[in-house]
Amino acid sequence: MRTEVAVVGGGPAGLIAARELASKGVQVKVFEEHPEIGTPNHCAGILSVEGLKRIGVELDLKFLRHEINGGTAFAPDGTGIRITGSRTRAYIVDRAIFDRHLAETARDAGAEIERNHRILDFIYEDGRVAGIRGDLDVEASMVIDAEGASGVLARKAGLPRPGGGVLAGINANVTDAQLEPGMVEVWFGEGLADGLFAWAVPAGEDEARCGLATGKGDALELLRGFIKNRFGLTEFGEPARWPVLTGGPVDKTHGDGLLLVGDVAGHTKPTTGGGVILGGMCAMMAAETAIQALEEEDYSAGFLGRYDERWREALGGEFSSMLGMRRFLNSLPDPRMNRIFASVKSAGLEATLETFIDEGDMDLQSGVLRKALTHPGMLRVMTSSLGRLALGELRGLFNL
Ligand SMILES: Cc1cc2nc3c(=O)[nH]c(=O)nc-3n(C[C@H](O)[C@H](O)[C@H](O)COP(=O)(O)OP(=O)(O)OC[C@H]3O[C@@H](n4cnc5c(N)ncnc54)[C@H](O)[C@@H]3O)c2cc1C
């Protein structure tokens with residue numbers, strides 16, 4: 001069997017790349033190991049309104065579950081800061097149905113999606129990737145690797161796999177769990193979710209999707225404790241576990257005949273671990289480079305390096321700002337985090353934060369982070385709760 005482009009993995013990144021390629025008339029086949037696209041579903045399903053547009057997806061009631069206009073962040077000691085926006089900022093989507101919708105769009109554009117095919121390796125010809133090998137061999141002019149966080153094939157091809165900041169993620173649905181409509185919750189705490197946070201988002205009437213990602217401890221036990229403390233409940237649906245990536249992009253996302261997209265490239269937001277939007281945006285850039293390579297019949301690493309250059313130019317600054325903020329947050333012990341929350345509240349800065357978040361971008365966060373680090377009131381709070389030295393280091397990350 002032969003195709004122009006073979007895509008490994010039928011998650012959002014692979015399907016978006018396939019849609020873009022097929023819509024430009026490229027022959028593309030996607031290979032997904034599972035019998036069904038979208039399952040198992042590990043995701044909390046929070047996608048920003050702007051983000052959906054950026055990845056070329058129109059909102060569809062099939063996958064939309066809730067509209068979100070705000071949220072409450074809780075410090076480790078339980079102090080809450082509630083932010084409500086003036087408009088819908090994000091959607092909660094059913095990721096299984098969302099992924100199937102992406103598959104339909106890719107198929108409508110002309111892509112072929114083959115399920116139940118686990119790819120075990122790439123085919124190499126003169127040292128370059130020239131196809132994929134599984135229960136069937138498929139030759140291809142080039143391969144897009146969208147295998148997700150595991151990075152097994154990328155490593156076999158000598159490319160780096162996502163390294164630091166790989167957390168144990170877990171999600172489960174909880175019935176009889178009431179949340180304020182339109183609001184999400186995030187809970188910080190080293191003993192709860194070291195390296196990120198726990199979350200509770202609306203999942204249906206009287207149902208919440210609760211999860212967390214942590215670099216320490218048993219994620220299931222931590223989730224059990226979180227659900228008990230938050231809702232007083234001990235029962236919950238089947239938990240789904242999968243790595244959450246907060247370490248930023250890998251050093252190299254291309255090889256001879258090969259492009260990496262999505263989680264395998266580390267294209268997630270280090271501040272939240274969310275990867276559908278930035279992964280999808282980079283997948284669109286990968287498709288553009290692949291089309292140029294097909295036109296030029298040049299699949300060398302030298303040519304495909306354009307993809308690396310492209311996403312770094314467009315999003316490199318965003319990834320590094322968010323990574324800087326993630327490292328800073330990870331360095332804060334619980335008492336300091338508590339102090340920041342308490343100081344924001346006592347200084348009456350909740351409305352200021354609300355404006356930042358209302359005007360800010362959920363996916364390209366460097367703007368809102370810079371705003372917070374230059375606002376006089378926020379600076380006073382941070383100086384008193386962090387000290388000048390730590391604040392100076394943080395501002396230094398943003399060249400302030
Ligand atoms: C607990 C949790 C909550 C999250 N919440 C959010 C959120 O709210 N918002 C958000 O934007 N992101 C969230 N994310 C991150 C998001 O799920 C990922 O960033 C996104 O799914 C990455 O898309 P992808 O296509 O790169 O990889 P994946 O979605 O992982 O898809 C990869 C696909 O490739 C298949 N595959 C792997 N290896 C092979 C092989 N050898 N052969 C064939 N097929 C293969 C896999 O089965 C899978 O279907 C969350 C992640 C976790 C773990």
Side-chain angles (χ1 to χ4, degrees), residues 6-18 29-48 51-52 54-55 65 68 90-96 98-100 102-103 113-122 132-135 138 143-156 162 166-172 184 186 193 196-199 201 203 209-214 219 223 239-246 260-283 286 362-363:
V7 176
V8 182
L15 293 168
I16 289 170
K29 287 185 198 293
V30 179
F31 295 88
E32 166 58 43
E33 63 188 341
H34 289 103
E36 200 177 24
I37 297 289
T39 43
N41 170 11
H42 318 107
C43 182
I46 307 178
L47 303 180
S48 72
L52 268 195
R54 285 182 173 128
I55 59 171
R65 288 295 168 268
I68 299 297
Y91 304 115
I92 305 288
V93 305
D94 180 320
R95 256 297 297 278
F98 178 78
D99 285 17
R100 269 172 234 147
L102 291 178
I113 298 172
E114 308 277 352
R115 292 164 292 155
N116 273 323
H117 288 290
R118 180 167 177 69
I119 306 310
L120 301 174
D121 206 346
F122 299 128
I132 50 164
R133 177 154 288 158
D135 53 353
V138 181
V143 172
I144 293 186
D145 180 1
E147 67 185 295
S150 68
V152 174
L153 297 172
R155 195 185 42 182
K156 277 191 186 173
V166 181
L167 307 177
I170 188 164
N171 250 321
V184 296
V186 296
L196 201 73
F197 45 74
W199 58 84
V201 305
R209 190 153 171 84
C210 294
L212 56 84
T214 182
L223 181 66
R241 298 163 178 261
W242 199 245
V244 169
L245 307 179
T246 61
L260 307 186
V261 299
D263 274 15
V264 68
H267 286 158
T268 65
K269 290 182 276 187
T271 44
T272 67
V276 173
I277 303 300
L278 295 189
M281 289 169 74
C282 293
M362 276 180 64
D363 300 302

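Basis for what follows: all heavy atoms, side chains included, without hydrogens, waters or symmetry-related copies. Just so it is clear, the model here is predicted, and its values are computed rather than measured. Counting starts at 1 for both ligands and their atoms, in listed order.
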Here the pair of heavy atoms bringing L15 nearest to D99 is CD1-O, 3.5 Å
Quick one: list whatever passes ring-ring contact (aromatic ring centres under 6.0 Å, His included) with [X], sequence neighbours left out.
{"X": "W242", "answer": "H42"}
{"X": "F122", "answer": "none"}
{"X": "Y91", "answer": "none"}

Identify all N/O pairs between ligand 1 and the protein with a separation under 3.5 Å and present them as a table of atom names and distances.
unit_1, atom_1, unit_2, atom_2, d
ligand 1, 5 (N), A44, N, 3.1
ligand 1, 8 (O), G45, N, 3.2
ligand 1, 8 (O), I46, N, 2.9
ligand 1, 9 (N), I46, O, 3.0
ligand 1, 11 (O), G275, N, 3.2
ligand 1, 11 (O), V276, N, 3.1
ligand 1, 12 (N), G275, N, 3.1
ligand 1, 17 (O), R95, NH1, 3.1
ligand 1, 19 (O), D263, OD1, 2.7
ligand 1, 19 (O), G275, N, 3.4
ligand 1, 21 (O), R95, NH1, 3.2
ligand 1, 21 (O), R95, NH2, 3.1
ligand 1, 25 (O), P12, N, 3.2
ligand 1, 25 (O), A13, N, 3.0
ligand 1, 26 (O), D263, N, 2.8
ligand 1, 29 (O), R95, NH2, 3.4
ligand 1, 36 (N), E33, OE2, 3.4
ligand 1, 41 (N), I119, O, 2.8
ligand 1, 42 (N), I119, N, 2.9
ligand 1, 44 (N), E33, N, 3.1
ligand 1, 47 (O), E32, OE2, 3.0
ligand 1, 47 (O), E33, OE2, 2.6
ligand 1, 47 (O), H34, ND1, 3.0
ligand 1, 49 (O), E32, OE1, 2.6
ligand 1, 49 (O), E32, OE2, 3.1

*Polar side chain donor-acceptor pair, H34 to E36, under 3.5 angstrom*: no
query = Between K29 and I132, is a side-chain contact (heavy atoms from CB on, under 4.5 Å) present by the stated rule, with each step listed?
reply = CA-CA 11 Å; K29 287 185 198 293; I132 50 164; over 6 Å; no
